[in-house]
Protein chains: 2
Amino acid sequence: MERQAADYRTLSSLKNALHALKCFTPEEPELGITQIADKLGLSKSTVHRVMTTLAEEGFVRRDEQTHRYRLGLSVLSLGGIIMSNLEICREGQHLLEEFVNRFDETVHLAVLEDYATVYVSKLECKHPVQIATHLGRKNPLHCTSSGKVILAYQDSTVIDEVIRRGLRPMTPNTITHPDTLRQLLSQIRKDGYAFSQSELREGVHSVAAPVRDYTRQVIGAVTAVGPAARFTPEKMKSLAKTLVSISKEISHRLGYYERVR
Amino acid sequence: MERQAADYRTLSSLKNALHALKCFTPEEPELGITQIADKLGLSKSTVHRVMTTLAEEGFVRRDEQTHRYRLGLSVLSLGGIIMSNLEICREGQHLLEEFVNRFDETVHLAVLEDYATVYVSKLECKHPVQIATHLGRKNPLHCTSSGKVILAYQDSTVIDEVIRRGLRPMTPNTITHPDTLRQLLSQIRKDGYAFSQSELREGVHSVAAPVRDYTRQVIGAVTAVGPAARFTPEKMKSLAKTLVSISKEISHRLGYYERVR
DNA sequence: CAATCTTGTTTCTCTATGCGGAACAACGCG
DNA sequence: CGCGTTGTTCCGCATAGAGAAACAAGATTG
């Protein structure tokens, strides 16, 4: 009856399926029909059909015992394709490795997408104390070092839009005031790197430096994350220095050339 | 009109979309509407709707210039979830790292899926001469070292089925005779590891050892791949020794305990 | 620089498709 | 051993989605 304004250009059944896929998270990697149906507000029969189809194509895997579902290997394959074709990943991988070998801290490559930073590559340190992050995770721009450093170099319309959407407080440290943010972004442009100190999650610090492509636009960032205890101000400064040089190298490989005048 | 026997339990439109996603490969990461429509034998309008929906949900990304499509970051996110939840990956990662550090050769974790080996994890060596492989890629069982070593420990009905499906020759070296294969599999069970010498692709050799889970079933393999020039018989033997010990360690972490009595 | 392919996008129309509700089956729990 | 769960199947009706074809917007051509 009251269907949502039937958009002639999209497929509602496909949307259902994609939403179903997005229900899976690292915390909840296994779901049953009813759970998914509830999350999406769809009938069990519909979800059942969707999942059967997804399973047939290997996008989802059904446990014969519990009749619950997990993501299937087909999505891994797609993920692999993306990885091998995102230039920023290809070019950055080895440099990240060197970084981890030298500092033994976790590093990421992040890119801007849809007013969020998305981690597209990750290299873990061997420390017993690790920060749980995962590929593809979207984080807000205003409370992460990668987000801020990317945002700092965006067009002011982007910055305005981020502010308009609201600077949601995630911890007591989150920057929630537009003016403070603008001021900080200007400082970041001067420094060439950004910090985040417990602004997204309590006790998690990070440092990030901007990556540019051949159009000179900042499209992503290299960022190191770790626990506050290890990430002292001095250490973060020293990490920043290396991250900046790595980010320049990656930018270079993406066709960016420093000011020629 | 002559629709395909409308299966009441699956969604044809969703299938179309999933097939569309599967059109993307590392070799062809960017596709236009018409290309996809041709590949799938669907009308342009249908594909257009599918792609628009996929794009809206971030599963695909549309280049504003060329109006062609690439995979989007949503699939990366799903891939990340799978990676962090496939026990075999989690447990294997560090061991693979050690292997790469020691031998500087590319290693994979592969699992059995749908009568094929699928690479679920990969660590590249730094050699300039590399073998192009990618995550999620399915390869036949009879002509890869990982495939053979997994197959060797499967129920004989699985082996029969593989043979029934045909031992497709990929190179002059591919084993195409059922008896030869059976004999080799029995040898592999004795050795505890398998080789492949240019059986899948000319000039590409590999070595693999089996990984078991707590049910004692062989569910995957650790495998090293490289160019024939570097992979001499002696070297492969030595790699095999290490791979076997790594595979045992992974199996152990998956709850497998060696024969008790 | 027009003529002509070849893209992608939109419109339209008709019917098979996919929706939800309800009946059914298969567990697991007390 | 029944009751509250699950997941699965059936069914009937409205509508979503398939393709043909018109349309628009670049490319490519000579």
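Owing to the predicted nature of the structure, the values given are computational and were not obtained by experimental measurement. Protein chains get the first letters and strands the later ones, always in sequence-line order, with residue 1 at the start of each.
- The nearest whole Å value for the distance from the CG atom in B:Leu31 to the P atom in C:dG8 is 10 Å.
- Within a 6.0 Å sphere centred on NZ of B:Lys22, heavy atoms belonging to other residues, nucleotides or ligands number more than 12.
- Looking only at atom types and distance, the side chain of B:Glu91 has no donor-acceptor partner in the side chain of B:His252 under 3.5 Å away.
- At D:dG17, one or more side-chain N or O atoms of A:Ser13 fall inside 4.0 Å of OP1 or OP2 (strictly under the cut-off).
- Residue A:Glu64 contributes atom CD, which lies 19 Å from atom P of D:dT6 at whole-angstrom precision.
- Considering only the side chain of B:Ile33, C:dT9 comes nearest among C:dT9, D:dC10, D:dA18.
- Among the nucleotides D:dA16, D:dT9, C:dC19, the one closest to the side chain of A:Ser12 is D:dA16.
- Listed nucleotides: D:dG7, C:dC19, D:dT9. Nearest to the side chain of A:Lys44: D:dG7.
- Nucleotide C:dT7 holds its C1' atom 13 Å from the CD1 atom of B:Ile36, rounded to whole Å.
- The interatomic distance linking B:Asp63 (CG) with C:dT7 (C1') rounds to 14 Å, in whole Å.
- Of the residues in residues 46-54 of chain B, those placing a heavy atom less than 4.0 Å from an atom of DNA chain C are B:His48, in numerical order.
- For A:Ser156, there are no side-chain contact (heavy atoms from CB on, under 4.5 Å) partners at least two apart in sequence or on another chain.
- At a threshold of 4.0 angstrom between heavy atoms, the contacts of A:Arg62 are confined to the sugar-phosphate backbone, with no base atom among them.
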ask   = Does the pair A:Ile219 and A:Ile150 meet the rule for a side-chain contact (heavy atoms from CB on, under 4.5 Å), with working shown?
value = CA-CA 7 Å; A:Ile219 54 158; A:Ile150 294 174; over 6 Å; no
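- Whole-Å rounding puts the B:Arg68 CZ to C:dT7 P distance at 10 Å.
- Under 3.5 Å, the side chains of B:Ser74 and B:Ser77 contain no donor-acceptor pair of N or O atoms.
- A cation-pi arrangement, defined by a distance under 6.0 Å to the six-membered ring centre and an angle within 45 degrees of its axis, is absent between A:Arg212 and A:Tyr257.
- Of the residues near DNA chain D, A:Asp38 and A:Leu14, the one whose nearest nucleotide (by heavy atom distance) lies more toward the 5' end is A:Asp38.
- Atoms CD (A:Gln65) and C1' (C:dA26) sit 14 Å apart, rounded to a whole Å.
- Atoms CZ (B:Arg9) and P (C:dC24) sit 18 Å apart, rounded to a whole Å.
- Here A:His67 does not reach the OP1 or OP2 of D:dT6: none of its side-chain N or O atoms lies under 4.0 Å away.
- Residue A:Asn16 places at least one side-chain N or O under 4.0 Å from the OP1 or OP2 atom of C:dC19.
- One side chain, A:Ser121 or A:Gln93, offers a donor N or O that lies under 3.5 Å from an acceptor on the other.
- When distances are taken from the side chain of A:Tyr69 to each of D:dA18, C:dC19, D:dT8, the shortest belongs to D:dT8.
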